[in-house]
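Encoded as structure tokens, the structure appears first; notes follow it.
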Amino acid sequence: MQLSIARENLLKPLQQIIGAVERRQTMPALSNLLIRSNDQGLTLTATDLEVELVATLNTELGETGDATIPARKLLDICRSLPDQAQIMINSSNEKTVVSSGRSRFTLSSLPAEDFPIIDDLELDVSVVISEGDLRSLIEKTAFAMAQQDVRYYLNGLLLEVDAEYIKTVATDGHRLALSEIKHKTDVDEVRQIIVPRKGVQELQRLLTNDDNQVTVALGKNHIRVTLPNLQFTSKLIDGRFPEYQRVLPEEEGNTAKMDKLHLKQALTRASILSNEKYKGIRLIIDDNKLVVQANNPEHEEAEDEMEIDYQGERLEVGFNVVYLLDVLNALESEEVEVIIKDANSSALIVSSGKLESRYVVMPMRL
């Protein structure tokens, strides 16, 4: 296989797919990427057996063929070369020579047939959505995914598609994030899949806020997202996601409206003296006033006060301040609406716009 390509044309797709390259090297082939050139063009493939990324390039091809090359070494070589450099790649037998100007690198490679490829997917549902909308759905909920929970189905993101809506939901058992967008699809009945954490993180990294249309295809065991010049495929978590509707409190009760920036600043200041392990803070809501209190085992205390819009009964509730700040960082609106039924109830934080989002944070005993 021989090909010639401009540095900039190779660097971008390498950076896109490098996240799928296996670092632990459970199989030697997983530290490599597969370069495949044929009459249709050139593709670069990387996988860790859970996530597969395939980038398509347009370039001059000398001899067609397949080769595997150490992925991170090729990326480092590409980064180190000067701008506008022309790169020649020549692969034969077990060696691949990468040259540019007076620089020459000889890399070891493995047989292309040893490289694992995800194929023969049974994808039965397909939805077209803008890249920016899909990215927003993920960004507004992914932070609430569990990490290494024994309830493995929580270590991922629920993607739910029906005829009228596309929803994403994540929960770690202490908080829940839900975001939805009105979007007509050809799906007859509700379809739910759970995308694993690694797949969610890679997809979030790859998506932009552009209006490009992307195709999301769902199968029994895989999800495939086709972007311009890039194809993302991930295995799914085999499990049943909790019935999240039962966790969502009704949108009625004591409602407080407050400025998001002022609330974020007050929580950040108070958290400095919160317990380092539990991160608990106390919210006292009463008559157009919010008081944020925190203390720690060293008997240090913090108190911050701000004006809000509230005329309900006096409430005193404890929360994990990190969970509250995560929600505020995901919100786009300048005003926050917090609904709390009583001192023992979860807080429901509501955000409206093109995407409707709801966040549930469970209370803490302080």
Side-chain angles (χ1 to χ4, degrees), residues 141-155 169-178 241-258 260 262-331 336-351 357-366:
T141 51
F143 66 85
M145 291 186 295
Q147 295 191 48
Q148 298 179 328
D149 198 297
V150 292
R151 297 164 294 180
Y152 59 93
Y153 47 83
L154 298 184
N155 301 320
V169 187
T171 181
D172 61 5
H174 302 286
R175 54 179 171 174
L176 180 142
L178 179 151
F241 202 80
E243 293 184 30
Y244 62 87
Q245 295 93 341
R246 295 171 61 181
V247 180
L248 289 170
E250 293 183 11
E251 293 186 28
E252 56 184 41
N254 299 296
T255 302
K257 295 180 181 179
M258 57 199 81
K260 181 182 77 172
H262 289 166
L263 176 60
K264 186 176 176 180
Q265 290 171 340
L267 291 174
T268 302
R269 287 191 292 263
S271 69
I272 296 169
L273 296 185
S274 65
N275 185 305
E276 289 188 11
K277 184 176 181 181
Y278 299 108
K279 290 294 181 185
I281 53 111
R282 179 180 284 105
L283 300 185
I284 302 172
I285 308 172
D286 187 21
D287 194 23
N288 289 331
K289 183 176 72 175
L290 169 67
V291 178
V292 183
Q293 296 178 340
N295 56 59
N296 59 33
E298 286 79 43
H299 303 291
E300 297 169 328
E301 297 179 352
E303 182 171 301
D304 218 297
E305 186 177 311
M306 62 179 284
E307 292 184 1
I308 62 173
D309 180 6
Y310 180 76
Q311 278 92 34
E313 62 182 88
R314 185 180 189 278
L315 291 174
E316 193 170 321
V317 196
F319 291 105
N320 182 316
V321 68
V322 175
Y323 294 167
L324 294 177
L325 288 171
D326 282 344
V327 172
L328 296 180
N329 288 331
L331 295 177
V336 177
E337 186 174 317
V338 183
I339 303 168
I340 305 176
K341 186 177 180 182
D342 54 50
N344 298 313
S345 299
S346 299
L348 175 65
I349 302 171
V350 182
S351 172
S357 302
R358 280 164 284 173
Y359 302 94
V360 180
V361 181
M362 291 180 65
M364 280 182 72
R365 288 182 180 270
L366 296 177

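For reference, positions follow the sequence shown, starting with 1.
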- line: Between Arg151 and Asp149 the two heavy atoms that sit nearest each other are N-OD1, 2.7 Å
- request: Look at the side chain of Tyr310 and the backbone N and O of Glu313, then say whether any donor-acceptor pair between them is shorter than 3.5 Å.
  value: yes
task: Inspect the surroundings of NZ in Lys341 and state if more than 12 heavy atoms from other residues, nucleotides or ligands are less than 6.0 Å away.
output: no
query: Heavy atoms, side chains only, cut-off 4.5 Å: are Glu301 and Leu273 in contact?
result: no
message: Can you see whether Asn288 engages Glu307 through a side-chain donor-acceptor pair at a distance of less than 3.5 angstrom?
response: no
message: What I'd like to find out is whether the side chain of Tyr244 reaches to under 4.5 Å of the side chain of Thr171, using heavy atoms alone.
response: no
message: Donor-acceptor check, side chain of Asp326 to backbone of Asn329, threshold 3.5 angstrom: yes or no?
response: no
Atom pair CG/CG of Leu290 and Leu283 - distance to nearest 0.5 Å: 5.5 Å
query: Do Val169 and Thr141 have side-chain heavy atoms sitting under 4.5 Å apart?
result: no
statement: Heavy atoms of Leu366 and Gly280 approach each other most closely as CD2-CA, 3.9 Å
- prompt: Is the shortest heavy-atom distance from the side chain of Leu267 to the side chain of Val292 under 4.5 Å?
  reply: yes
message: I'd like to check Ile349 versus Leu331 (side-chain heavy atoms, cut-off strictly below 4.5 Å). Are they in contact?
response: yes
